[in-house]
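These notes concern the structure reproduced below.
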Amino acid sequence: MITIDVPVSKPYEVVIGTGILSQIGNRLQQLVPQAKKIAIITDDNVKTLYLAVVKQHLLTVGLEVVDLSIRPGEASKNSDTYIKLQNGLAEAALTGTDAIVALGGGVVGDLAGFVAATYLRGISYVQIPTSLLAMVDSSVGGKTAIDLPVGKNLVGAFYQPVLVLCDTALLETLPVDILNDGYSEIIKYGMLGHPELLKTLAKDQLDLNEVVATCVKMKSDIVCADEFDKGIRKLLNFGHTIGHAIEQVSGYTVSHGKAVAIGMVMDTRAAVALGYCPLECLALLRRLLEKYNLPSSTTYSAEAIYEGATRDKKREGDQLTNVVPCAVGKCELTTISMAEFYHWIKKGVNV
């Protein structure tokens, strides 16, 4: 078992291991000692696999449990689902000393976190990520949000959990296609500042506990340096501005991991074309994405992608902060105009 401290404004631990789900009851009792009732927010797929197990671990330590389930997928991360969950908590009479457990992937974690941040002006919540992508990225750092029809994650809050419990045994039931989405974010961490991680990913056998821990430690260090995303934390957006635009333009038929994979390639291709980055960096990135069956191109035009990017939450007036790959394991931030970003996208698509 590996424990990583996240010493932000409201510190917490990320616990990583195989077969550690049984700890949830005792840990919740310690972290939220006044809680009498726990609401588990999950989706219909995860519900059939793990809800009964988690519920039993909570009941065993004397906690009352209610469960609220949503339809799987990004389409559920909206205002209608958000209000439905808020009503569910109110009808179950959860109080300010009770807590929420987010049991699921990134959609459930983002949504449940935002519900926790705003129900009764904020109650405690625990992240139990069930996808690799959520374990290495979205469950850590306190970003919570829902989507609007015009763009992704446009309504949200920074709200830290009291615990993130990553049981890698849960990944055994994950479809390979969804598992590979997580490798997109892992490759991102390698490209940002961990060349050794990229070498590890090239191997045939991986210790997933160690891989998850490496990514979580990197994210924890970055988040602790910039909790509210005003500076260095923007590095974590590598591939994401273009990726989010592709998700939005596709009506979320392109998954987050695959969209980010395409975004990273387009960013790197543009950086090569403009002389910021050597060609071998792009070649390595594409080899790793291919190994994990992740795409490196899109049929969407530069114009369509740019239109989606104009509604990105990272835009500030006529500018945004762009992540520029400079070498394997090194990226830098630069502020560019939206016109320059359109040129960047064109280079990423066409070169």
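Quick caveat, the model's predicted, so the values are computed rather than measured. Residues take their numbers from the sequence shown, with the count starting at 1.
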Is there a chain of hydrophobic side chains (I, L, V, M, F, W, Y, each step under 4.5 Å between heavy atoms) that links [X] to [Y]?
X      : Y      : answer
Leu49  : Val107 : no
Ile128 : Ile16  : no
Val272 : Ile187 : yes
Ile146 : Tyr159 : yes
Ile24  : Ile2   : no

Any donor-acceptor pair under 3.5 Å from [X] side chain to [Y] backbone:
X      : Y      : answer
Asp312 : Lys314 : yes
Asp167 : Ile20  : yes
Asn237 : His240 : no
Thr168 : Asn209 : no

Q: Please report the C-alpha distance between Glu185 and Tyr189 in whole Å, then the side-chain angles of each, then the deciding distance to 0.1 Å, and finally whether the side-chain hydrogen bond (donor to acceptor under 3.5 Å, both in side chains) criterion is met.
A: CA-CA 7 Å; Glu185 290 283 359; Tyr189 283 108; 5.5 Å; no
Less than 3.5 Å apart, any donor N or O on the side chain of [X] or [Y] sitting next to an acceptor on the other?
X      : Y      : result
Gln56  : Thr60  : yes
Ser69  : Thr42  : no
His256 : Lys152 : yes
Gln86  : Thr118 : yes

Q: Might you point out which heavy atoms bring Asp110 and Lys143 nearest each other, and give the distance in Å?
A: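 So the two residues come closest at OD1-O, 3.8 Å.
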Q. At their closest point, which heavy atom of Tyr12 faces which heavy atom of Gly141, and how far apart are they?
A.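 Heavy atoms only, the tightest pair is OH-N, 3.0 Å.
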Q. Got a sec: does the NZ of Lys330 have more than 12 other heavy atoms crowding it under 6.0 Å?
A.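 Open.
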With a 4.5 Å limit on heavy-atom distance, are the side chains of [X] and [Y] in contact?
X      : Y      : result
Asp181 : Leu132 : no
Leu201 : Lys291 : no
Ile4   : Val140 : no
Met264 : Lys188 : yes
Leu171 : Met135 : yes

Enter the distance from [X]:[atom1] to [Y]:[atom2] here, rounded to the nearest 0.5 Å.
X      : Y      : atom1 : atom2 : value
Ile83  : Asn87  : CD1   : CG    : 6.5 Å
Ile178 : Thr173 : CD1   : OG1   : 11.5 Å
Lys219 : Leu192 : NZ    : CG    : 11.0 Å
Leu198 : Ile186 : CG    : CD1   : 11.0 Å
Cys331 : Lys234 : SG    : NZ    : 15.5 Å

Q: Check Ile246, Val260, Thr298, Val249 against Val254 for a side chain to side chain contact (heavy atoms under 4.5 Å, CB included) and give me the one that passes.
A: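 With Val254 as partner, side chain to side chain contact (heavy atoms under 4.5 Å, CB included) holds for just one option, Ile246.
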Q) Between Tyr183 and Tyr292, what is the ring plane arrangement, given parallel below 30°, perpendicular above 60°, and tilted in between? A)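 Tyr183 vs Tyr292 ring planes: parallel.
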**Q.** For Leu85, all residues meeting side-chain contact (heavy atoms from CB on, under 4.5 Å), sequence neighbours excluded
**A.**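 Residues passing side-chain contact (heavy atoms from CB on, under 4.5 Å) with Leu85: Ile41, Leu68, Ile70, Thr81, Leu111, Val115.
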Q: Kindly write out the residues that satisfy side-chain contact (heavy atoms from CB on, under 4.5 Å) with Ala309, not counting sequence neighbours, or none if the list is empty.
A: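 For Ala309, the residues satisfying side-chain contact (heavy atoms from CB on, under 4.5 Å) (neighbours in sequence not counted) are Thr241, Ala245, Phe341.
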Does the distance from a Lys or Arg side-chain N to an Asp or Glu carboxylate O, for [X] and [Y], drop under 4.0 Å?
X      : Y      : result
Lys217 : Asp221 : yes
Lys77  : Glu74  : yes
Lys258 : Asp177 : yes

